[in-house]
Structure formats: C-alpha cells, structure tokens
Asks: 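Dropping a structure here in structure tokens format, bear with me for questions.
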Amino acid sequence: MTQPSAPILKVENLAVAYKVRGGEIEAVQNVSFDIHRGDSHGIVGESGCGKSTVAWAIVNFLGANGYVKRGSIKFLGQDLVGKSPEELRRLRGDQIAMVFQDPMQALNPSMRLGDQMKEVLTVHRGISESEAEDRCVDMLQRVYMPDAANVMRRYPHQISGGQQQRVVIAMALLNNPALLIMDEPTTALDVTVEAAVLDLIAELRREFDTAIMYITHNLGVVARVCSQVGVMYAGEMVERASVERIFAQPQHPYTQGLIRCIPTLGEDKASSALYPIPGRVPPPNARPAGCIYAPRCDYAQQRCRDERPALRLLADGVQVRCHFTEEIDPGQWTPPEEVEEMVETVNGQADAATPASTNNGKPILELHDLRKYYPVTGGSLRDVLGLGEKRFVKAVEGATFSVPKGSTLGIVGESGCGKSTLIKTIIGLEDSTSGQARFMSFDITEGLSERNMALIKELQMVFQNPDSTMNPSYTVGQQIGRPMVRFGTVPRSQVRDEVIKLLQSMRLGANYYDRLPRQLSGGEKQRVGIARALASRPDLILCDEPVSALDVSVQAAILNLLLDVQREQNTTMLFIAHDLSVVRFFSDNVAVMYLGQIMEIGPADAIYRPPYHPYTEALLSAVPIPDPTVKQKQIRLEGSVPSAVDPPSGCRFHTRCPRRKLLPDDGAICTRETPPWQEAGDGHRIFCHLPLETLASFDPVVESLATH
Amino acid sequence: MLVKDCMTRHPVVVSPDLSAAEAERIMVENHIRHLPVVEDGKRLIGLITRERLRLKAEDIGSYDVWEITRNLARLKVRSVMIPLKQVWTVTPNRSIERTASLMTEHKIGCLPVVEEGNVVVGIVTQVDLLESFQIMLGLPAKGVRVTVRMSDQPGEFAKLMRVMAEQKWGVMGIGSFPDRRHEGFYFAVLKLVGADEAAVATVLNDIPGQEVVDIRTVV
C-alpha cells in the first residue's frame, strides 16, 4: 500500500561481457532500470539486442564465459554482483522466478505435473506432501486451469501448450516470488491462448504484488500488460517511459521507427505503408563510436557520430539516450523516397485496379469442396487386424473459394486449424482426399509426383523458417539459380545475370551471389527464400508465415518487398499468418479457418467489421494492439481446439462459441446441423446459424475500427 | 480492511549470517527501520531494528578503540537480532484494528506478517496502518466531510442513510466515535462526493434528533 521507498529490483549501469576467443564482447552496456512492487516493466527490442542477457545476468545464468563487467544489480536492497554462489543462492532462493518462451523446456517430460509442482514446495519450504498437494491444486485453480486436481496426475505432453504455460506460471508463483522474470512467455502461443495468459498475468500482478520484468519483441503485448517500458537497442537502453508515453510520444528515433514498422489492426496496403528501419543492428564487436543508432538514424548529425549520448532524464520522467530528442518532431518525419514512391504507386493502382483485380479478375485458383483426410491407425488389436472402424483426421473439410489473378488471399486461424495442410494440398506436397481444385485449367488434386513440370513451375512457396529450407552448403547464387536451370526458364549462360537481377530486386547486392546461408541475417535469408520462389516466374506464390520468425523492422521490409513483387509481376498470393494485423494489411481477401473448416471468407475490410463470425470476433478481440489507449472487447474462448479426429457435430465451433446462446434453445441447432453459408454481399460469406442481422448487430470489437 | 490489504508484500529480508554493519547499510539505503531475519524458505527466525544496532555505552565502555572496530566487524545479524520468541507477528487475515491494538499495547513499530510455518509474506508498520485509516476515511478524494451527532438508538443511522439515498450522494469514507461529554451519543464522520457543502448542511440538519457539528469541503 505505501509506495515503498526501495524498488524490488534496481539495475544500474549494467554491463555484461562474454569472454570469447581474442578478447571479450560487451553484449550489454549501460542498462539501468528499476521495478517496484506490483509493477510490470517491459523490455522490448529486436532480437540480439541484449534483452535476455539482462535477465540472465539477474539470475546468474550467463554461462561459463559471461560475467557482469560493471554496474550493480540490487535485488531487495542487496547487491547481487560480487557475491559468492552460495550467498546468491540464498538471496535469490525462492524470491526470483522465471518463465520462458517454451513451457516444455521448463517441465520434466518424464514426471507427472503434480510431482514436479510439489517438489518446489517440499524442497524449498519443507512442507508436507499432502499440504503441498492442496496448495498446488489451489494455485492451478488460480491460473484458471480446468479440472486442476486431474491435471496434477497428468504428464506434460497430455495437456495443451497454453495449459503447459499456465502450469509453469503456477509453479513460478508457488513460492510467492518478489520478482518474476518472463522471457517471451506467450510468443509460442496462439493469439487466443496468448490473450488468456496475458489477462492472467495482469491479474496475478495485482493479487500478489509481484514485480514483473517482461521481455518481448511484440509491442502489442507490451501495450496490454506493462506499466513501464524500456526500449533496448544493440545492448543499450535507449528509452524508458510509461507505456502510454512510449506509444503516444516516442522520443528516441529508434522507438519512433519501431512503431512505424508495425501495421495496426485496420490498416491496409492501399491506405498506408510500413516503413522499415534501414540497415541492421550492429554486432556487439562492431558498434559505432558515437550514438549506437546513428548509422540507421534519419536525424544523425556529426555530433551523433562522434559522441555517445548519455541516458538523459527529460522533464516529464522520460529517459532517453539521444542528443537531439527535443529537436526531433516525429510529425515532420518524411519517409525515405523509395518507400514513398512505392506507396504512391500502390495507392494509384489500388484506386484504379481494385474492383477489377479483386472481383472481376479471372480466377486463377478455384477450389470446390476440397477435403484432406489423414487416416489414423489405432493401437488396438482390432485396428491392427484392420477390423476396426476407419478413422480420419479431417484436416481440411469442404474448402471452397476462388482466388482472382493478382490478388492476395490471407488465411488466418489458430494453430492446428488446417491452414498449412490446405496450402500443402494446393502445392501438391499432399494429395487431396476428395473435391475439386483447379489452377488455371490444370487439375491439382493429385500429389506432386503426378504433376508435370509446367505446373510445378507455376506454383512456388515461401516458408516460415528460411534456415531449414536452405541447403547450408550451397551458395545463395546456386540456390536461386537451381529452379531456373531445372525448369529451363533461363538459358544456362544467362542464369548468373538473371540471379543477380533477382537479388537486386530483393535489395541485395551482387556480392551476395557467392555467400553461404550462414553468412546472412534472418531477414536476408528470407529475401533469398523469396527470390528462389520467384526464380521460376510463378503465377501463384504460397507464403506460409513468411514474416512471423522475423523482427518487426525486417518484417516491414519483407512485406514491402512482397507487395512490390506482386505489383510488378501481378503475382497471385496465398498468405498464411497468425498475426491478424499483418494479414489485414497484406491481403485483399481473408479466409478464417477453424478446425479444418473455413468459417468466414470475404474482402479484408469486411472481415474486420460486423457482421462477422463469432470465431472471427473472438480472434479479433485477442489480438494485442500496439496502442494502450485502444479499448478492446474482452471475448475469451474457453477450452482448447477439439480434436480433428472426432470434430464436434453440427457447427464445429459450437463447443466454444460464445454467441450460441443467442439462438433459441441455447443454440441446440448448432450441435445438430451444419450451418448454412450466408452471403453478406461482395463475396463475403459467413458459415453460421445466426441470422445476418444478429451478426451485424454486434458491437465492433475494437473501437477505432468502427470509424474506418 | 485486513492486514493483507495494507501490508507491504515482499519485504526486504536478511539472512542471519549477514554482518551487522551490512544490515545497517541496507536499512539506511532503503529507508527502512526493520528487517525480518529469515533462513531458507523465508522462515522467520528474528527481527532487526535500528535500535537493536545502536551501540550502548555500557557495552563498549571497557573496550579500546581497536577492539570496538574488531568486534563490530565480526558482529553477525544472528547475535544482535530479536529472537523469534520475542517477536510479535500477525497473519494476513487479521483485522487492522486488532493489529493496531497489538502495536499500541506492546509499543512496537512493526509486525512481520507470516503464514503457517512462519513463512514471511509481508510486513506491516505503523505507517501502513495510518495510511489505511486515511483511506478508510476517504482522504484521497475531493468531497464534503461532515460530522453528525446522533443518539446510539437503533434506527438513527438508517435515518441518515435514507436521506443520503434520496439525495444520491456517494459515501467515500465513513467512521464513528463516541461523544465523550454526552453519554449515549455518537459522532458519525462521513466523506461525501457529488454533494454541495451548503446543501449537505441544510438537508442533514433537518433530520430530527441529529445535528451537524462540523462540515468542511476537503480537497
């Protein structure tokens, strides 16, 4: 209650160095912040900027070659730096807990969850077995774990990812820690699960008065859970302010750049543009002498290059590391010329060509009632002998849509909803079970081996993880050149020139031709991946989460690049992403999938406004919006996605549908009958029993979207 | 209001093997006067106060300067703390008035808050309690503070409440204390929001058998 005079954690001028061959590298420099009781302090920044290193320094996980070089870390008034390991163990003991990105790494797969949780209490506190059991069940109920007593007896693999993360959070809170360090705790989770976990964190913070250090790269998440935010860049804290200030008046040019990089829900490619930050984060051993951000800063002057700015405290409590912050007015910022040019052409084109390309354009891809079932073999004797009933995972059920030439169809949905299976079926990595699929005039229901070269050439794919789709021992030039040679699109003698031309259009220089994948950054690899997909000059590109593994500034550049490609070559795209803001920004049409079934499909702006399917509504309310002032309706789906082996009868969404009660008999019809496709005009179709008028009467989930 | 609503959670604690000088430094740096001493698992074993660390003349009278320094440097928290059996503690579910009476009765400035097994979950000090009483009387909000005298008969307070409901005034804080001069009479102190001082005075004075003895607008 009293504002305590001492913060729980106070980090001052922290520098962490790693000893490497030929010297040492300062991964983190001059980081200072403090966290009070019940505060949640966000640390944001791109990958490799030292966010996690700070967290590791606090809990002494730096490894054999890492050490705190300068500065102090004060936890509850006592300095953690320079203490013996035994003293540290006691001091940190059960007062600091950590939650990591992947819950499976924190859980022992060979122990029952209950035993793992009880261990925390019996070992640290010497509490008796039976009392520990009671406390664990109690804590599981606090984190809203359904059927807590039963979960105690299960193994980690028997519960879903979101539930695993709840177990980890419950375990972290069992000892009532003073400080909870969360390192990207929701990054691996679906938006709907993420939303529930974020609600939980906000609630627990109030109840337990725990100080939370929240590390993330997602500005939307920060806006939802944090009260203070520190922005890190290349190992330094460049700005620190309250969450409202960071979003309303970012002071540091880097923060301003970050905010310009992300599409907000409701923006589309015709009306707005993303402005990537040029260049890349300097590696720790090659940081510039002056301001660390100067090489990428639009406002850099001579003083920035010569003199490193200190973290200054501005009049209103904002800390910023910039010489000229008072003189910089983000409103006066003008985008670099190439982006500006692109936006104009996109806009011009959009005005003139949108109706033609999206609605009247000749469909290049047509699916009708396409299904993909995977047979499941049971373990029982009857199944082995082939006597049991044949069972299937219904991964894609009745997919019907067409994609006009030159347009983009975005596909969204939770993980396991069949997005990737759909794309794999189209490209031929899987053959379809039934239904029709035509690409131009070819039949594409068969698998890849049945297709001829000409067809394969026209369909190309960009994958989520460029690392695992590139041969590490081939140079960039060889990787891109291979499809050209294979499909014979370019005479062998001209392949090199053609590859270089392609590299240049990806904004990579000719000097990249001889590089190996390991010499490229994540964004550059993805550019090569796109170049490779374009090499055979395909008509349809399938993008499976092409930007979700990338940092926001790189993500913006890749999205711009894809838009550019589409504009120049009139390529058609299928675009899978779990980030609804990105899909909205990038797509002309959007399909929302749930459990193998398309629930709603239509023009992008129609999907994001009522009338919408109750599932779309829930998805929209779960998206973290990078603006703390936006009011979002709170709709949380209960339970997890049912198994596709035995999908619910009638409407597949009825088990979790929050709007079912609007129908007579608590929506009995939803459990019995498959819903009809309802036309909402303009190609917008909704797969729901609720009449259109009811769907249209819902309040918009996000207020700002209503004005669009 | 219970202890758990006003205590400071996650207090600064020290281990018994810390040197007394270090404990003193922690208190000074964090502007606190009490340090619970805990062993593994945050189990309370004693308490340190600034008083406890003060040098007493009779203890050092026989030492020379060098001996004092040497002894002080060797002094551990364990040997200067108030041992557990002399420390008063409360549980998070105790009411704050009982807690306050415990403090006044024994003239103590702070109580560690413990759960079963003497696990420290918080600390409550005189300052925390004073602050909660301020909040209970509605100090943080702007409004009209009015003191009404009434008899202790059942139904008297209900009369007042009825009038308030009619006027749609909100009550931010409330408290009462006996009138020392008139046996059988009580003062009720109310903090009202959304009301006008003059209107409150007239309306409340009209209630038969009750009298406004003090009224002021507090910001």
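Side chains are part of it too, since the values below use all heavy atoms of this structure and drop only hydrogens, waters and symmetry mates. Since the model is a prediction, treat every value here as computed from it, not as a measurement.
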Asks: Heavy-atom cut-off 4.5 Å, strictly under: side chain, backbone, both or neither for B/Val124 against chain A?
Replies: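 For B/Val124, neither part sits under 4.5 Å from chain A.
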
Asks: Charged N to carboxylate O under 4.0 angstrom, B/Glu29 versus A/Lys10?
Replies: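 No, no charged N to carboxylate O under 4.0 Å.
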
Asks: Please check this pair: side chain of A/Arg37 against backbone of B/Thr8, looking for a donor-acceptor N/O pair closer than 3.5 Å.
Replies: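 Looks like no, no N/O pair under 3.5 Å.
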
Asks: Please check: side-chain N/O of B/Lys42 versus main-chain N/O of A/Gln95, any donor-acceptor pairing under 3.5 Å?
Replies: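 Judged by distance alone, no pair lies under 3.5 Å.
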
Asks: Out of A/Ala178, A/Ala211, A/Gly38, return the one with the most heavy atom pairs under 4.5 angstrom to chain B.
Replies: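 Greatest number of close heavy-atom pairs with chain B: A/Ala178.
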
Asks: For the CZ atom on B/Arg98, are there more than 12 heavy atoms of other groups (residues, nucleotides or ligands in this structure) within a distance under 6.0 Å?
Replies: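 At most 12 heavy atoms, drawn from other residues, nucleotides or ligands, come within 6.0 Å of this atom.
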
Asks: Which heavy atom in B/Val121 sits nearest to a heavy atom in A/Asn176, and how many Å separate them?
Replies: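 The pair with the smallest heavy-atom distance is CG1-ND2, 4.1 Å.
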
Asks: Less than 4.5 Å apart, any side-chain heavy atom of A/Gln78 and any of B/Leu18?
Replies: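 Yes, at least one pair of side-chain atoms sits under 4.5 Å.
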
Asks: Need one label for A/Asp79: side chain, backbone, both or neither, based on atoms under 4.5 Å from any heavy atom in chain B.
Replies: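 No part of A/Asp79 comes within 4.5 Å of chain B.
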
Asks: Is there any residue in residues 196-206 of chain A with a non-hydrogen atom under 4.5 Å from a non-hydrogen atom of chain B, and which ones are they?
Replies: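 Near chain B, by residue number: none.
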
Asks: Need one label for B/Val14: side chain, backbone, both or neither, based on atoms under 4.5 Å from any heavy atom in chain A.
Replies: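 Contact with chain A is through both the backbone and side chain of B/Val14.
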
Asks: Would the number of heavy atoms belonging to other residues, nucleotides or ligands and lying under 6.0 Å from CZ of B/Arg43 be above 12?
Replies: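 Enclosed: over 12 neighbouring heavy atoms sit under 6.0 Å from CZ of B/Arg43.
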
Asks: Is it the case that over 12 heavy atoms from other parts of the model lie below 6.0 angstrom from the OH atom of B/Tyr186?
Replies: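 Open.
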
Asks: Is it true that a side-chain atom of B/His10 and a backbone atom of A/Phe208 form a donor plus acceptor pair closer than 3.5 Å?
Replies: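 Such a contact is found between B/His10 side chain and A/Phe208 backbone.
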
